[in-house]
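Worksheet: the structure to be examined is printed underneath.
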Amino acid sequence: MKKRWWKECVVYQIYPRSFCDSNGDGIGDIRGITSKLDYLKELGIDVIWLSPVYQSPNDDNGYDISDYQAIMDEFGTMEDFDEMLSAAHERGIRIVMDLVVNHTSDEHAWFVESRKSLDNPYRDYYIWRSGKEGKEPNNWGSCFSGSAWEYDAATEMYYLHLFSRKQPDLNWDNPVVREEVFRMMNWWIDKGVDGFRMDVISLISKPAEFADGVPGVNGYSGFDEAANGPHVHEYLQEMRAKVLNRADTITVGECSGVTIEEAKKYARSDEKELNMVFQFEHMDVDAGEKGKWSDRKADLRDLKEVMTRWQKGLEDVAWNSLFWENHDQPRSVSRFGDDGAYRETSAKMLATCLYMMQGTPYIYQGQELGMTNVPFVRIEDFRDIESINAYRELTESGVFSEEEMMRYLRYKSRDNARTPFQWSDEENAGFTTGTPWIMVNPNYREINAKEQLFREDSVFHYFRKLIRLRRENEVIVYGAYDLLLPESEELYAYTRTLGEEKLLIVCNFAGREVSLDMPEEFCDGDILIGNYADAAVKGHMTLRPYEAVVLKKI
Ligand code: TEU
Ligand code: CA
């Protein structure tokens, strides 16, 4: 297997709006990020993935871009960005930009022109279709509720938007669009950025015919009908040749609807497309029969099946990314662990389980503290367009009651990940001296970075040790993964093997003691890390609630 720095690094995702506010307007900003680079250096991460900082009307919090080469007013100036970039590089930290080019904002100059007339030079930058029998061209639904088509009276045609109506999809079949995107990407590469996370990149190539899909609970078919389209690999190979090979970049494609077979192409080891992908099958294991909006708890066997299939499926032929959390997902300690009595223990266990696997680890801001889901009280507490639209659509249509939908939002809303980072027990968790744009999780007095930095057994210091372990043990990065105890409903156990080196990772996902007969070869192994201070390894072990232990065969 080829050794690469982007396989050995650890990435930290910052959602700038909620990370650190430097000027008291209640909104996180770039100067706030710069002020916290030493905190990230202490954690030991190598790369920062910045969620979008470009000019945007913030219909989808920056994932609706109106100018790819300007910084969002609320986040600061291009000078602030340049200062942050060099300050990060001075600390040996690389910066990855969030590339959102499946769509732009409807306030982008290209779309303003495109919608003016049928013969406007920018018309074919976007996807326009005539209606069918007075209705939308097909039954595709938007990820943010309703149809994926918006009627535009000026030219009496519909435009496609897989996300909000203010996020019109770009027409990637138009070579001029591709050239515009590649030129913009090269502009950021020339500024010195180190790579890209590519937003819904699996959706950029639409099928030639827009046939109806299978209707979902809201009557529309899935927004990711377009996933893995006919030319997506061709376009990414063009991007690789015209942009990505111009620097030693790291690239990760966010691939809604990706399969292992497709991932082998996106993240192919001959490096003709991307370095790795985000797949989402493990984020769907707790979906209900009506999709995402559910509070069903995942069955560990389903989680183990998905993770193992991806570990073995890409082994030696592509590369995995490892994440439990991001700005679109609820907090993992509330979702897969215990955010009550065993919050810190289960946060450490979840991190051990994931980051001992093969793939590049991604840590989402606050995950290193064991930040939890948020006790949102009313629908007015939410800010996320997906949550707000889903609440309205699914309660008005009677799919769920308001009480049910509030319960599901508290469990799965993206806003669980978007409340202010909890820096200290000061007002507003030290995030801002102003009024925060979204509520602060009331548990910030107990859960905050300041308290954990000075406590050796904190989640923060456990993450720091895990990151250091990866740096010191090649078997963790390059070793082969093999699952043990597939049928266990409580234990997630697997080995990693590289030559003569072998590790055993055992994680108890249950809130009770579970016994285990330790494999002979590990009985007197070294304990590399464990989330209980006094872990002792015997032939017949009893793992305590949410206990994790990593053993090295001697
Ligand atoms: O997310 C795409 C996407 O699929 C998510 O919307 C996710 O599947 C969904 O929220 C789960 O319910 C990317 C960005 O990460 C997201 O923040 C943006 O809203 C979206 O694309 C549009 O740019
Ligand atoms: Ca600010």
Side-chain angles (χ1 to χ4, degrees), residues 13 15-35 49-54 56 58-65 71-77 80 98-105 141-145 148 161-170 197-204 216 222-227 252-258 277-281 283-284 286-287 291-294 323 325-330 362 364 383-390 408-409 411-418 420 428 431-437:
Q13 181 193 357
Y15 193 69
R17 195 171 193 82
S18 307
F19 190 64
C20 179
D21 170 23
S22 70
N23 64 348
D25 66 355
I27 298 169
D29 46 53
I30 289 174
R31 293 173 72 86
I33 295 171
T34 305
S35 74
W49 153 26
L50 274 184
S51 273
V53 295
Y54 320 96
S56 164
N58 285 306
D59 190 54
D60 184 18
N61 286 354
Y63 282 90
D64 49 318
I65 295 165
I71 299 299
M72 189 190 304
D73 294 338
E74 296 169 320
F75 286 172
T77 65
D80 295 338
D98 204 321
L99 183 75
V100 187
V101 289
N102 172 70
H103 47 271
T104 70
S105 164
S142 156
C143 183
F144 300 150
S145 305
H161 61 87
L162 297 180
F163 295 92
S164 89
R165 59 173 58 89
K166 284 185 67 63
Q167 293 171 292
D169 281 56
L170 278 168
R197 174 267 186 185
M198 299 187 189
D199 190 62
V200 291
I201 202 71
S202 58
L203 306 183
I204 60 174
F223 74 92
D224 53 3
E225 283 285 336
V252 54
E254 186 209 25
C255 292
S256 298
V258 70
V277 298
F278 290 141
Q279 59 86 17
F280 291 89
E281 288 187 48
M283 295 284 103
D284 293 334
D286 53 2
K292 162 174 183 172
W293 303 113
S294 160
F323 73 95
E325 296 187 24
N326 60 39
H327 63 292
D328 293 332
Q329 300 298 333
Y362 288 75
Y364 178 66
R383 297 290 178 275
D384 172 23
I385 185 170
E386 179 192 44
S387 300
I388 293 165
N389 287 5
Y408 300 156
L409 284 173
Y411 189 60
K412 296 292 271 300
S413 168
R414 304 193 301 181
D415 277 333
N416 280 301
R418 300 177 178 189
N428 295 321
F431 163 73
T432 180
T433 55
T435 305
W437 69 280

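This is a predicted model, so every value here is computed, not measured. For the numbers below, each heavy atom of this structure counts, side chains included, while hydrogens, waters and symmetry mates do not. Atoms within each ligand, like the ligands themselves, are counted from 1 in listed order.
The salt bridge (Lys or Arg N to Asp or Glu O under 4.0 Å) search around D59 returns none, not counting sequence neighbours. For F431, the ring pair (Phe, Tyr, Trp, His ring centres under 6.0 Å) test picks out no residue, with sequence neighbours left out.
The aromatic rings of H327 and Y15 lie parallel to each other, with less than 30° between the two planes, well short of the 60° mark. Ring-plane geometry between F323 and F278 is classed as perpendicular, the angle between the planes exceeding 60 degrees on a 0 to 90 degree scale with a lower cut at 30.
The residues lining ligand 1, counting any heavy atom closer than 4.0 Å, are D60, Y63, H103, C143, F144, F163, Q167, R197, D199, V200, F223, E254, S256, K292, H327, D328, E386, R414, R418.
Residues Y63 and S51 have side chains that bring a donor and an acceptor to within less than 3.5 angstrom of each other.
At least one donor-acceptor pair under 3.5 Å links the side chain of N428 to the backbone N or O of G434.
With Q167 as the fixed residue, the side-chain hydrogen bond (donor to acceptor under 3.5 Å, both in side chains) test singles out one of D60, D64, N102: D60.
Checked for salt-bridge contact, R414 and D384 meet the test: a charged N lies under 4.0 Å from a carboxylate O.
Shown here is R383, whose CZ atom has more than 12 heavy atoms of other residues, nucleotides or ligands within 6.0 Å.
Counting only protein atoms, the N, O or S atoms lying less than 3.0 Å from the Ca ion (ligand 2) are D21 OD1, N23 OD1, D25 OD1, I27 O, D29 OD2, ordered by chain and residue number.
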